[in-house]
S.K.: 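Attaching a single structure in structure tokens format; questions to follow.
In what follows, chains carry the letters A, B, and so on, assigned in the order in which the sequence lines appear, proteins first and then strands, with residues in each chain numbered from 1. Below, each value reflects all heavy atoms present in this structure, side chains not excepted, and no hydrogens, waters or symmetry copies.
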Amino acid sequence: MSDADTVIVLDFETTGLSPDYGDRAIEIGAVKIQNGIIVDRFQALMNPGKPISRFIEDYTGITNQMLTMAAPCDEVMEQFADFIAGFNLVAHNASFDKRFLDAELSNIYRPYSGQFSCSMLVARRLFQQAPSHKLSSLVALNNIQVEGEFHRALFDAEMTAKLWLVMLEQLSNRFALVTVPFQLTQKLSKTPKKQVHKLLKSYQI
DNA sequence: TGCCAGGCCCTCTTTAGGGCCTT
């Protein structure tokens, strides 16, 4: 496995659904996967500069009191920009996390070079018969051990990472692939379901 | 406050609508 296949699996908790409508990040969690093993972690609450709603408090377990003691978003994101520098990125429903990463890093004028792959889009192709492709359902479907609560950033990042590793292993085993390059997961996430098998056959050696 | 947005994907489709996912 090359450095290009070392990935950061990340998850944001936020004040809402859209940075374009003023929503901000309130927590970032991430793990680094290298050679199929989690080798590093990052977790931080961040103060968005305004109160969060009761809904978000209930949804995440993160309270306004917790956030008043947290470092501001800009300070945390400076550290996170260093953590992800040079690595590709994975998230569950990556379009959501990418929007917040782009918005928060844009605020501090920090670019990043990694590309995103989406565990949900890969799962939709690999587990086409699954009743649901939400993170908790896929974790249960694959009998991944759960020790913690969903909707906290580091826990969701850890669960997404374990799901990601399961999917890479299944791709290797089911389709007799020697390696599953990061670029293949990106191609897979954009391939119509009926053409998935054809794509994977082309990667067989 | 939890209704909001945006991308993907399916179908009773493509000159569209709606469910799934993320907080």
S.K.: Locate the shortest heavy-atom distance separating A:L154 from A:F42; write the atom from each residue and the value.
M.R.: CD1-O, 3.9 Å

S.K.: For A:Y21 and A:K190, take the nucleotide of DNA chain B holding the closest heavy atom to each; which residue's nucleotide lies nearer the 5' end?
M.R.: A:Y21

S.K.: Tell me, please, which residues at least two apart from A:E75 pass side chain to side chain contact (heavy atoms under 4.5 Å, CB included).
M.R.: A:A71, A:P72, A:Q79

S.K.: Mind checking the CZ-CG spacing from A:R174 to A:L126? Nearest 0.5 Å is all I need.
M.R.: 4.5 Å

S.K.: In whole Å, measure the gap between the C1' atoms of B:dT13 and B:dC8 for me.
M.R.: 15 Å

S.K.: Students often get this wrong, so: under 4.0 angstrom with heavy atoms, is A:L135 touching a base, only sugar-phosphate, or nothing?
M.R.: sugar-phosphate

S.K.: Applying side chain to side chain contact (heavy atoms under 4.5 Å, CB included), can you list everything that pairs with A:S106, at least two apart in sequence or on another chain?
M.R.: none

S.K.: I want to verify a distance call: between B:dG6, B:dT23, B:dC8, whose nearest atom is closest to the A:T14 side chain?
M.R.: B:dT23

S.K.: Quick one: A:D23 CG to B:dG6 P, roughly how many Å, whole number?
M.R.: 11 Å

S.K.: For A:F100 and B:dG7, give me the distance from atom CZ to atom P, rounded to whole Å.
M.R.: 13 Å

S.K.: Take atom C1' in B:dG19 and the same atom in B:dC12, then report the distance between them in whole Å.
M.R.: 15 Å

S.K.: Measure from the side chain of A:N93, starting at C-beta and using heavy atoms only, and say which of B:dC8, B:dG6, B:dA5 lies closest.
M.R.: B:dG6

S.K.: In whole Å, what is the span from the NZ atom of A:K98 to the C1' atom of B:dC8?
M.R.: 15 Å

S.K.: Is the ring pair A:F155/A:F150 parallel, tilted or perpendicular, if the boundaries are 30 and 60 degrees?
M.R.: perpendicular

S.K.: Checking A:T15 against A:D23: is there a side-chain donor and acceptor pair closer than 3.5 Å?
M.R.: yes

S.K.: Want to settle it: does A:P51 or A:H92 sit nearer the 5' end of DNA chain B, counting the closest nucleotide to each?
M.R.: A:P51

S.K.: Grab the CG-P distance between A:L67 and B:dT23 for me, whole Å please.
M.R.: 16 Å

S.K.: What residues in residues 148-167 of chain A put a non-hydrogen atom under 4.0 Å from any atom of DNA chain B?
M.R.: A:H151, A:D156

S.K.: In whole angstroms, how far is the C1' atom of B:dT22 from the CZ atom of A:R124?
M.R.: 11 Å

S.K.: Expressed as a whole number of angstroms, how long is the span from A:I26:CD1 to B:dT23:P?
M.R.: 11 Å

S.K.: Closest approach of A:M159 and A:V146, non-hydrogen atoms and distance?
M.R.: SD-CG2, 4.2 Å

S.K.: Have a look at A:F12 and say if it touches a base, only the backbone sugar-phosphate, or nothing, with a 4.0 Å heavy-atom cut-off.
M.R.: sugar-phosphate

S.K.: Taking only N/O atoms, report every protein-nucleotides 10-12 of chain B pair under 3.5 Å with atom names and distance.
M.R.:
none

S.K.: Kindly give the heavy-atom pair with the smallest separation between A:V196 and A:T191, and that separation in Å.
M.R.: N-CG2, 3.9 Å

S.K.: Categorize A:R99 for me: base, sugar-phosphate, or nothing, with a 4.0 angstrom heavy-atom threshold over every strand shown.
M.R.: base

S.K.: Base, sugar-phosphate, or nothing: which does A:S132 touch, judged by heavy atoms less than 4.0 Å apart?
M.R.: sugar-phosphate

S.K.: In the hydrophobic cluster built from side-chain contacts under 4.5 Å, what are the other members alongside A:M69?
M.R.: none

S.K.: Tell me who clusters with A:L67, hydrophobic residues only, linked when side chains sit under 4.5 Å apart either directly or through other members.
M.R.: A:I26, A:L45, A:I52, A:F55, A:I56, A:Y59, A:I62, A:M66

S.K.: Base, sugar-phosphate, or nothing: which does A:D11 touch, judged by heavy atoms less than 4.0 Å apart?
M.R.: sugar-phosphate

S.K.: Using the P atom as the point on both nucleotides, what is the distance between B:dT1 and B:dG17, in whole Å?
M.R.: 33 Å

S.K.: How many whole angstroms separate atom CE of A:M120 from atom C1' of B:dG7?
M.R.: 8 Å

S.K.: Separation of A:F116 atom CZ from B:dC8 atom C1', in whole Å?
M.R.: 16 Å

S.K.: Given B:dC20, is OP1 or OP2 found less than 4.0 Å from the side-chain N or O atoms of A:H133?
M.R.: no

